[in-house]
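Nothing fancy with the numbering, it's 1 onward along the sequence. Keep in mind that what you see is a predicted model, and the values were worked out from it rather than measured.
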Amino acid sequence: MTRPYIQWLLVAVALGLAAVYLFPLYWMYITSFKSGSEIFANPPTFWPREIDLSIYPNVWTRRTMHVFLWNSTLIAAGVTAITVIFGTGCAYVLARYRSVWVDIGLFSVLMLQVLPASVMVTPLFVAFSQLGLLSFPRSAVVLAAAAKAMPFFVVLVRATFMTVPRELEEAALVDGNSRVGAFFSIVLPLARNGILVCAILTFMSSFGEYIYSKSIIQDPALQPASVGLSGFLGPNSTDWNSIMAYSAIYVTPILAVFVLLQRRIVSGLTSGALK
């Protein structure tokens, strides 16, 4: 088999895998437009016979989605702010200084990435209860989610800092600049694309945070949209078009952000691949 045929075969396999991965998303959107009887039709229809757009304003009003989405935005913004502020400095130290303690720190960061949220939620809940943070449940969720997002951010931003030549910092130090001044005036502007991309990925991931919010936040007025979706579910749930409409409203802003920024995201993730 010649090389062009191999390339086309790989493209076909990639498109097939993408279709399998994106099919649930397509099914979510078309199901939100179907009637209750058509949802359970056998064989299933892959396009609704009659499109009813009224389900979206009904779900928006009945489920007070503006409150849930606002809570999701606040949690995601808080997680992103904490992660960027503290993770950028940590990534810079791990990229610039080499010692046994730095290697231990990097290993610890990577080990934190392995721990799933479902394992950490119970000890964090006990710790927050002892500290009195459960009186501020949204802040507690922000701290917990930021701790979970920090390792991913640090590892990616560290690779970005490693692509910035040390000679530029040394030249700034020779000119009389301090280490902090060289960081803010030289290193940070050159690494801003990678930091921005990692911040966007952190925000998108935190926007869908569920485990900590479900366990810590009990007041529905403070819960994010991911927890609000679980209010539809029950032993006798049959309102599937409303569930799909809620899900579509929930994920569409994140999909739009990803589509608009996909080139910047890819370029930022690959900026640390070569040094």
Only distances under 3.5 Å count here; give the side-chain donor-acceptor pairs of residues 122-147 to other protein atoms, sequence neighbours excluded, each with its distance to 0.1 Å.
from	atom 1	to	atom 2	distance (Å)
R138	NH1	N71	OD1	2.6

Using every non-hydrogen atom in the two residues, find where [X] and [Y] come nearest and quote the distance to one decimal.
| X | Y | result |
| --- | --- | --- |
| G87 | F153 | C-CE2, 3.7 Å |
| F183 | T88 | CZ-CG2, 4.0 Å |
| F184 | P189 | O-CD, 3.3 Å |
| N241 | T31 | CB-O, 3.7 Å |
| S247 | M28 | CB-SD, 3.4 Å |
| A91 | V154 | CB-O, 3.6 Å |

Query raised in the report: Does V20 share a hydrophobic cluster with L22, counting links as ILVMFWY side-chain heavy atoms below 4.5 Å and allowing steps through other members?
Result: no

Requested in this report: Give a yes or no on whether V67 and I243 share a hydrophobic cluster (residues Ile, Leu, Val, Met, Phe, Trp, Tyr; joining criterion: side-chain heavy atoms under 4.5 Å apart).
Outcome: no

Requested in this report: Output all residues satisfying ring-ring contact (aromatic ring centres under 6.0 Å, His included) with F68, sequence neighbours left out; order by chain, then residue number.
Outcome: none

Can you name the side chain to side chain contact (heavy atoms under 4.5 Å, CB included) partners of [X], sequence neighbours left out?
| X | result |
| --- | --- |
| Y21 | none |
| K148 | Y212 |
| P165 | E167, L168 |

In a table with atom names and distances, give each donor-acceptor pair under 3.5 Å that connects a side chain of residues 215-228 to protein atoms at least two apart or in another chain.
from	atom 1	to	atom 2	distance (Å)
S215	OG	I211	O	3.0
Q218	NE2	S215	O	3.2
D219	OD1	A221	N	3.1
Q223	NE2	I217	O	3.2
S226	OG	E209	O	2.5

**Report entry** Within the 6.0 Å centroid threshold, strictly below: F33 and W47
**Finding:** no

Report task. Compute the ring centroids of F46 and Y26, then answer whether they are less than 6.0 Å apart. Result -> no

Report task. Give the intermediate values and the outcome of side chain to side chain contact (heavy atoms under 4.5 Å, CB included) for residues Y92 and V157. Result -> CA-CA 8 Å; Y92 175 74; V157 175; over 6 Å; no

Partners of [X] by side-chain hydrogen bond (donor to acceptor under 3.5 Å, both in side chains), sequence neighbours excluded?
| X | value |
| --- | --- |
| S32 | Y56 |
| Y210 | none |
| R96 | E169 |

Report summary line: Distance col, row I249:CD1 vs L229:CG, nearest 0.5 angstrom, shows 11.0 Å

Query raised in the report: Looking at CZ of R158 and SG of C90, how far apart are the two atoms once the value is rounded to the nearest 0.5 Å?
Result: 10.0 Å

[Y] and [X], any side-chain heavy atoms less than 4.5 Å apart:
| X | Y | answer |
| --- | --- | --- |
| Y29 | T252 | yes |
| W27 | I30 | yes |
| F161 | I195 | yes |
| L196 | R192 | no |
| L201 | F152 | yes |

Query raised in the report: Should side-chain heavy atoms under 4.5 Å link Ile, Leu, Val, Met, Phe, Trp and Tyr, which residues sit in the same cluster as W70?
Result: L74

Report summary line: Tracing side-chain contacts under 4.5 Å among Ile, Leu, Val, Met, Phe, Trp and Tyr outward from V11 reaches L15

Query raised in the report: So V197 and T160, side chain to side chain contact (heavy atoms under 4.5 Å, CB included) or not? Walk me through it.
Result: CA-CA 11 Å; V197 169; T160 301; over 6 Å; no

Query - Heavy-atom donor-acceptor pair, T202 side chain to C198 backbone, under 3.5 Å - result: yes

Requested in this report: Could you list all the salt bridge (charged side-chain N to carboxylate O under 4.0 Å, His left out) pairs where at least one residue sits in residues 53-75, not counting sequence neighbours?
Outcome: R62-D239

**Report entry** W60 and L69: CA distance, side-chain angles, deciding distance, side chain to side chain contact (heavy atoms under 4.5 Å, CB included) verdict
**Finding:** CA-CA 10 Å; W60 179 272; L69 291 176; 3.6 Å; yes

